[in-house]
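What you see is a predicted model, and the numbers here were worked out from it, not measured in a lab.
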Amino acid sequence: MKFFFWVLLVSACIFPQSALNAESLYISLRDYPALLKKGFNPEECGVMPSGPGWQRVNWRNKTLYAGDYFKEEKKFTLEKAFGKDVDEYTIIIPFNVNSDEYKIVSSSPTFVPGIELAAIGINWQVYLNGQLIREQMDIKPDGTIGMLYGWRKAGFPVPNVNFTEGMNILCFRILGNTLNPKTGLSQKGAYYIGDYEEITKIEDETLTMIMIGIYIFMGLYHLFVYLLQNHIKYNLYYGVFSLIMGAYILSRTAFINIAIPNSAISSRIEYLCVYLGVALCAIFIEVFTLGKTFRITRCYTYLFAFFAVIQFALPGQLVEMLLAIWQISCIPVFFIFCWCDIYAPMKKTMSDSYKKTFKGFLSAIAEAPAGNLFIGIVATACTAIFDIIDSLIFHYEFFITRWGIAFLTTGIAFIMARRMNFVYSKQERIIERSNKGMNPTLVDWIVVKDRDPVDIPSKNESTAVMFTDIRNFTALSENMPSEDVTGLLRAVNEVVVRPLFELQDSGRVAYTDKFIGDAMMNIFLSGDDALNTAEQFHSQLDIFNADPKKYFQNTPDGIRINMGCGIAYGSVTLGVMGHSRRLDYTPVGDTVNLASRLESLTKMYHISILFNDSLYNSLDKPHEFIRHIDDIRVKGRHDKVALYEDFRCNNPAIRDIKTSMKDSFDELRRLYISGEDWKGAYKLAYDIAAAYSRAAENMTLADRQSVDYLPHIYTERIEMIMDDKFLRDTWDGIWTFTEK
């Protein structure tokens with residue numbers, strides 16, 4: 001039932017005359033013989049012809065193309081080819097109007113009869129019973145034809161008073177020459193007299209106009225997509241192809257007779273679209289399916305482009321001859337194209353199992369890019385070949401190619417939409433994966449904005465740079481298989497770095513710039529975010545250490561992961577660094593170097609989180625578990641760096657010890673910085689270290705080692721200064737490191 005419905009629908013579109021109301025006026029002119037004569041005499045246009053020179057033709061299944069009946073005039077001459085030798089012909093069709101039909105014509109003043117001509121050209125007049133009812137004639141003073149009026153679907157009203165009951169004479173005066181296939185009534189479509197209102201309904205081309213609108217929309221859309229992503233060339237080819245197909249179908253509508261009455265212009269537009277449309281379709285399909293164009297495709301593209309250009313310099317007769325040459329050449333080109341661009345590429349992608357069965361062949365059509373277009377290409381090729389043969393031989397002017405093209409372009413649109421969805425889904429996956437290993441600014445610039453990363457402008461930004469490092473990871477992992485080493489690192493990072501990504505998801509500027517083995521570099525816009533995240537890293541690390549096998553099954557027994565964090569806040573330069581083949585968008589500058597040095601110093605000070613005074617000064621409200629531990633000069637810098645420790649991540653017992661000893665430690669630092677009592681400073685440092693040791697007697701070995709190493713550091717420094725007169729004389733309260 002569905003198949004029958006679609007057959008009826010397509011038949012209604014292709015053969016619209018079947019939709020006529022049988023009860024209205026309908027006189028088929030093909031039911032009556034036609035009389036043809038070379039020349040024209042106005043006195044003969046309203047009477048039955050008699051005398052020599054007339055040919056009687058039963059044209060029920062024929063055309064009234066002058067060249068078929070005046071063979072001697074069809075001989076090729078330069079004058080005819082260039083339109084200088086104009087012939088004149090008369091076509092008379094006597095038809096009968098019975099009494100019932102005459103009543104329909106004459107009884108109602110509102111009834112308007114009309115005439116529908118499938119095709120007529122190229123200059124013409126129409127007479128009914130000797131009265132001129134329509135003309136499209138342009139004769140220059142020298143007798144040559146000016147504008148051409150080779151029209152398809154020429155429908156117009158006829159005055160009621162021109163009809164008589166009984167025999168009526170319809171006369172056509174035709175100017176042209178026999179080399180032009182449009183001279184005369186050149187198609188085998190419908191020629192009839194009927195209700196003009198019904199004729200206008202049949203000529204209603206709403207469906208065709210909707211189709212044209214779709215082509216134009218799709219063309220403009222894909223051109224817009226190409227402007228956004230100009231590296232995807234097939235969007236350009238398809239966009240232009242779709243626009244050309246819209247113009248081609250428009251050039252074959254009745255509307256074109258009104259918009260561009262001169263068929264010398266409209267036909268050239270039509271042929272231009274044909275020549276370029278076929279070439280662009282081939283190029284698009286090759287680029288879309290293969291990513292390249294074959295040499296043979298480029299050759300016939302140049303040939304068709306030459307045809308498209310040269311036709312504008314030729315007269316109408318030679319243009320029609322050129323079209324006939326092109327039509328004949330297209331048939332083998334279609335077969336070559338289908339073989340080279342569709343079947344051969346599809347066959348290469350087919351496995352042996354596909355080649356053995358028809359079902360496998362259909363599977364290959366569904367899966368291969370060329371196979372996706374196979375049915376549409378075959379349908380378009382078949383309909384085009386049918387229309388070409390019809391144009392050359394049969395002249396029915398079915399124009400079923402429009403449905404083949406519609407089928408092809410609709411299929412292409414769905415395939416491109418599916419591919420675009422795939423591309424965007426893939427792009428989202430690339431963005432997602434790239435965000436895991438690439439700076440988000442670089443990802444946005446390359447993937448989203450589709451711009452060259454070297455164009456990203458550098459900028460200065462005040463940021464907090466954090467370096468982290470897992471303590472003694474090399475020793476911990478030296479007896480582990482390599483896959484377990486990387487697996488353990490991923491498991492640790494998966495747990496530890498979670499707070500940073502949660503911060504990032506909340507809209508804060510925070511990201512991991514890079515992972516460097518068991519270390520990583522993180523960037524924060526806010527100093528508070530950096531310090532809070534460092535503390536959360538250690539909280540997450542405690543969660544991992546509580547049950548490491550939960551996160552990585554092959555974690556060695558008894559392993560405990562510790563981490564040091566060094567954070568520096570200051571101005572950095574953000575820009576694209578690296579090589580043309582390996583780029584990254586990353587910060588550089590003194591702040592980055594300092595953060596790396598601070599992370600290294602956490603090992604020396606035996607603390608977990610170390611940061612500089614610039615970060616301390618940027619905090620909104622420093623909490624109670626922060627203490628100023630030292631003033632130093634790192635190697636390569638002359639300026640002092642004040643070092644602060646955040647000991648929130650220590651266990652409560654250690655936090656209590658450090659808090660209770662804070663006043664004593666501050667006094668030690670005062671004596672140490674001033675240099676006024678080195679012996680007193682030494683004794684105080686020794687007493688603080690002893691007090692720490694007594695407080696940690698009941699702790700585990702790991703906790704005792706991390707209670708506080710600072711008194712030991714100050715004891716060693718004070719001993720060194722007391723033994724070195726030069727150090728005492730040059731002392732300014734700042735310890736200078738001579739090594740990194």
Report task. Verify the ring-centre separation between Y191 and W59: is it less than 6.0 angstrom? Result -> yes
Report task. Could you verify whether a donor N or O on one side chain and an acceptor N or O on the other, from N129 and N168, lie under 3.5 Å apart? Result -> yes
**Report entry** Aromatic contact, Y149 with W124 (centres under 6.0 Å)
**Finding:** no
Query raised in the report: Looking at side-chain heavy atoms only, is the closest gap between Q136 and M147 below 4.5 Å?
Result: no
Report task. Look only at the side chain of S186 and the backbone of A119, and say whether a donor-acceptor pair between them is shorter than 3.5 Å. Result -> no
Requested in this report: With the side chain counted from C-beta on, respond yes when I91 and L35 share a heavy-atom pair under 4.5 Å apart, and no when they do not.
Outcome: no
Report summary line: Minimal heavy-atom distance between G150 and S263, with the atoms involved, is N-OG, 2.8 Å
**Report entry** Side chain E101, main chain N98, donor-acceptor under 3.5 Å
**Finding:** yes
Requested in this report: Compare all side-chain heavy atoms of L148 with those of N262 and state whether any distance is below 4.5 angstrom.
Outcome: yes
Query - Test item: side-chain donor near acceptor, T297 and E286, under 3.5 Å - result: yes
Query raised in the report: With a cut-off of 6.0 Å (strictly less than), are more than 12 heavy atoms of other residues, nucleotides or ligands near CZ of F217?
Result: no
Query raised in the report: Closest approach of C171 and T90, non-hydrogen atoms and distance?
Result: SG-CG2, 3.7 Å
Query raised in the report: Is R30 reaching over with its side chain to a backbone N or O of G189, donor-acceptor style, under 3.5 angstrom?
Result: yes
Report task. Look at the side chain of R268 and the backbone N and O of Q311, then say whether any donor-acceptor pair between them is shorter than 3.5 Å. Result -> yes
Requested in this report: Just do the salt bridge (charged side-chain N to carboxylate O under 4.0 Å, His left out) check on K38 and E88 with the steps written out, would you?
Outcome: CA-CA 6 Å; K38 183 178 179 182; E88 192 170 19; over 6 Å; no
Query raised in the report: What about Y192 and Y26, are their ring centers closer than 6.0 Å?
Result: yes
Query raised in the report: Short question: side chain of T183, backbone of N177 - any donor-acceptor pair under 3.5 Å?
Result: yes
Report summary line: Checking Y238, F241, Y237, Y226 against F284 for ring-ring contact (aromatic ring centres under 6.0 Å, His included), the one that qualifies is Y238
Query raised in the report: Do K37 and E44 meet the salt-bridge criterion of a basic N to acidic O distance under 4.0 Å?
Result: yes
Requested in this report: Evaluate whether atom CD1 of I296 has more than 12 neighbouring non-hydrogen atoms of other residues, nucleotides or ligands under 6.0 angstrom away.
Outcome: no
Report task. Grab the two heavy atoms, one from L276 and one from A305, that are nearest each other, plus how far apart they are. Result -> CD2-CA, 4.2 Å
Query raised in the report: Given Y275, which of I310, L323, L303, V309 fulfils the side chain to side chain contact (heavy atoms under 4.5 Å, CB included) condition?
Result: L323
Query raised in the report: Does the R152 side chain pair with the main chain of R252, one donor and one acceptor, at a distance under 3.5 Å?
Result: no
Query raised in the report: Cut-off 3.5 Å, side chains only: do Q125 and Y127 have a donor facing an acceptor?
Result: yes
Query - Aromatic centroids of F304 and Y300 separated by under 6.0 Å - result: yes
Query raised in the report: Do F40 and Y89 have ring centroids that are under 6.0 Å from one another?
Result: no
Report task. Check T178 against F70 and note the closest heavy-atom contact, atom names and distance. Result -> CG2-O, 4.1 Å
